[in-house]
Amino acid sequence: MADIAKIIGKRIKIYRNKAGYSQEELAEKAGLHNTYIGQLERGEKNATLESIEKISRALEVPLEILTEKIVLVDVCDKLPAKFYDLVNPLKKSEQKFLYNLLEQVIKYKKL
């Protein structure tokens, strides 16, 4: 399966967990089958745009958040995308903390 399916699936799982929903609860809220939600989260199925839109509404997460800055391996280095995916679901205060920490590490390394 393409990397894009895995990336979208991972983001769905992150935001589902953040919302405190089980796969069954998300499926019910989105009007989809819970088996399908699991397959999407594992990157086993390619979601339709309609399904992604239903999931984003159920999670109360803008569609743009689930799809933003998807970087495929063959397009560029995968590491920045991993950083983005790791930090994106965090609260803004946590993102700022990590940014400042990383900035200090980089400054220290330059000394």
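The neighbour count for E28 CD, taken as heavy atoms of other residues, nucleotides or ligands under 6.0 Å away, does not exceed 12. For K18, the NZ atom sits in a packed shell: over 12 heavy atoms of surrounding residues, nucleotides or ligands are nearer than 6.0 Å. Around CZ of R42, the count of heavy atoms belonging to other residues, nucleotides or ligands within 6.0 Å exceeds 12. Counting non-hydrogen atoms of neighbouring residues, nucleotides and ligands closer than 6.0 angstrom, the OH atom of Y99 reaches no more than 12 such neighbours.
Taking 4.5 Å as the limit, some side-chain heavy atom of L59 sits within range of a side-chain heavy atom of Y21. At a threshold of 4.5 Å between non-hydrogen side-chain atoms, the residues Q104 and Y108 do not count as touching. A heavy-atom distance below 4.5 Å is not found between the side chains of L86 and L98. At least one side-chain heavy atom of N100 sits under 4.5 Å from a side-chain heavy atom of E103. No side-chain heavy atom of L49 sits under 4.5 Å from any side-chain heavy atom of L63. Side-chain atoms of E94 and K91, non-hydrogen and from C-beta on, do get closer than 4.5 Å to each other.
When all heavy atoms of Q95 and L90 are compared, the pair lying nearest together is NE2-O, 3.2 Å. The two atoms that bring A27 and H33 nearest to each other are CB-C, 3.7 Å, heavy atoms only. For the residue pair A47 and L40, the shortest heavy atom distance occurs at CB-CD2, 3.5 Å. Minimum heavy-atom separation, L66 to S56: CD1-CB, 3.7 Å. Nearest approach of P89 to I14, heavy atoms of both residues: CB-CG2, 3.1 Å. In plain terms, the two heavy atoms of L32 and K54 that are nearest each other are CD2-CD, 4.2 Å.
Looking at Y15 and E60, their side chains never bring a donor and an acceptor atom within 3.5 Å of each other.
Partner of E41 under the side-chain hydrogen bond (donor to acceptor under 3.5 Å, both in side chains) criterion, out of K6, R11, K13, Q23: Q23 alone.
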### Task
Any chance you could lay out the side-chain contact (heavy atoms from CB on, under 4.5 Å) test for E53 and T48, step after step, and finish with the verdict?
CA-CA 9 Å; E53 191 267 338; T48 64; over 6 Å; no
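Separation of atoms CD1 (I4) and CD1 (I8) is listed at 5.5 Å; rounding is to 0.5 Å. The CG atom of L26 lies 7.0 Å from the CZ atom of R16; values are rounded to the nearest 0.5 Å. The distance from atom CD1 of I12 to atom NZ of K10, rounded to the nearest 0.5 Å, is 13.5 Å. In this structure, the separation between NZ on K45 and CD on Q39 is 5.0 Å, given to the nearest 0.5 Å.
Cluster annotation: F97 is connected to V87 through the hydrophobic network of ILVMFWY side chains, with a link wherever side-chain heavy atoms come within less than 4.5 Å.
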